[in-house]
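Remember, it's a predicted structure, so these values are computed and weren't measured experimentally.
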Amino acid sequence: MAVVPQEAINQFEALMDEVDEPLKRTFQNVHQGYPHETLTRFLKAREGNVTKARKMLTDCLEWRVQNEIDDMLAKPIVPVDHYRAIRDSQLIGLSGYSNEGFPVFALGVGLSTFDKASVHYYVQSHIQMNEYRDRVILPAVSKKCGKLVSKCIKILDMTGLKLSALNQIKLVTLMSSIDDLNYPEKTLTYYVVNSPYVFSACWKVVKPLLHERTQRKINVLVGCGQEELLKIMDYSSLPHFCRKRSSGSSNYNSGNCYSLDHPFHQLLYNYINRQAVIREPIKPIKQGSVHVTLPENADDEDIAKTLESELEKFKNLERCHESFKCLKTTDDK
């Protein structure tokens with residue numbers, strides 16, 4: 001469905017005005033200032049049916065609230081060695097941008113092993129990648145291009161693909177389902193490159209598990225796909241696995257966008273860590289008591305001098321001056 005009638009969008013918008021406040025709040029993180037475009041995406045995902053699109057979107061928003069998706073970018077996977085292991089076994093990265101400004105994501109389907117962490121962490125990392133794309137990368141690209149950029153391009157590298165990859169079909173299906181139900185119409189095109197002979201056998205198993213609208217976006221390119229991809233992006237934006245080896249070249253794997261050391265992953269991981277610090281609740285000031293002995297029949301001036309002398313002892317304690325505002329005195333002899 002290429003064009004969504006404005007009437008359908010208006011009806012959808014009116015229905016969404018009726019949802020509870022928590023859903024409205026998380027919807028703001030979904031639409032990023034473009035609610036009509038977001039409604040259009042969900043309508044396209046349900047063939048223009050407003051009732052089905054509304055259910056799909058409300059289910060998505062409820063999923064976000066229940067799973068605290070709005071806070072996902074403030075939950076770093078630690079320690080860093082654990083996160084590095086995930087990056088080395090769940091191969092994905094941002095290699096550059098197309099000529100029209102679409103972010104180009106590379107996925108190492110054939111060499112991803114998903115064997116260095118639990119399913120929970122791979123799913124968490126996958127969702128963080130989606131959220132960072134939608135809440136950080138795409139808004140920045142839209143601002144730079146002076147127009148809304150709401151989709152990305154994905155290049156699937158089948159290098160090293162074996163039939164044993166089907167052992168991970170449950171995890172791959174789970175992540176694909178998350179994308180279909182909660183991030184619909186975020187990918188413009190999928191390009192498949194470096195397909196070995198076993199790809200056909202694997203594709204027969206995987207294809208029925210994908211939504212039909214996803215299947216229509218998949219293009220299988222010859223070899224590494226360099227010639228075709230250069231029609232829509234510069235050479236510098238090609239993932240490393242799409243660059244043909246030149247004679248005598250020894251840096252075919254340079255600029256590996258999968259690596260945690262790649263600038264994209266450094267920015268992503270540092271962003272998540274900063275958000276975690278920002279959202280960390282302020283710890284309450286430690287409370288305690290100080291016993292001060294006052295002379296009998298002391299007047300106000302003596303009491304003030306005695307208290308000033310005692311408090312001077314604490315002048316170097318962190319934030320002590322704030323605690324003085326709540327200082328209380330009791331007549332406890």
Would you say S125 and R87 are linked by a side-chain donor-acceptor pair, where the criterion is simply a distance under 3.5 Å?
yes

Tell me whether the count of non-hydrogen atoms from other residues, nucleotides or ligands lying under 6.0 Å of CD in E37 goes above 12.
yes

Does some side-chain heavy atom of L174 sit less than 4.5 Å from a side-chain heavy atom of K170?
no

With a 3.5 Å distance limit and no angle check, can you tell me whether T189 reaches the backbone of I153 through a side-chain donor-acceptor pair?
no

Do the rings of F264 and F105 sit parallel, tilted or perpendicular, given the 30° and 60° boundaries?
perpendicular

Any luck finding a side-chain donor-acceptor pair between T159 and D157 under 3.5 Å?
yes

Please check this pair: side chain of K217 against backbone of T187, looking for a donor-acceptor N/O pair closer than 3.5 Å.
yes

Sidechain-backbone polar pair: Q28 side chain, G33 backbone, donor-acceptor under 3.5 Å:
no

Spatial distance of atom OG (S150) from atom CZ (F102) [nearest 0.5 Å]
7.5 Å

If you measure from OH on Y258 to CG on L107, what distance do you get to the nearest 0.5 Å?
7.0 Å

Mark yes or no for whether Q226, through its side chain, and K244, through its backbone, hold a donor-acceptor pair below 3.5 Å.
yes

Any side-chain to backbone donor/acceptor pair from Q128 onto M72? Under 3.5 Å, distance only.
yes

Are more than 12 heavy atoms, taken from residues, nucleotides or ligands other than E7, located less than 6.0 Å from that residue's CD atom?
no

Under 30°, 30 to 60°, or over 60°: which ring-plane class applies to Y183 and W63, parallel, tilted or perpendicular?
perpendicular

Any idea how H265 and H262 line up, ring-wise: parallel (<30°), tilted (30 to 60°), or perpendicular (>60°)?
perpendicular

Other residues, nucleotides, ligands: >12 heavy atoms within 6.0 Å of K116 NZ
no

Please tell me whether Y122 and S89 have a donor and an acceptor in their side chains that are separated by less than 3.5 angstrom.
yes

Determine whether a donor-acceptor pair (N or O, by modelled atom type, separation under 3.5 Å) exists between the side chain of S195 and the backbone of M158.
no

Looking at S176 and V172, would you say the former's side chain and the latter's main chain have a donor-acceptor pair under 3.5 Å?
no

Would the distance check show the side chain of R54 and the main-chain N or O of L57 forming a donor-acceptor pair, the cut-off being under 3.5 Å?
no

Shortest non-hydrogen contact from K204 to P208?
O-CD, 3.2 Å

Sidechain-backbone polar pair: R135 side chain, N29 backbone, donor-acceptor under 3.5 Å
no

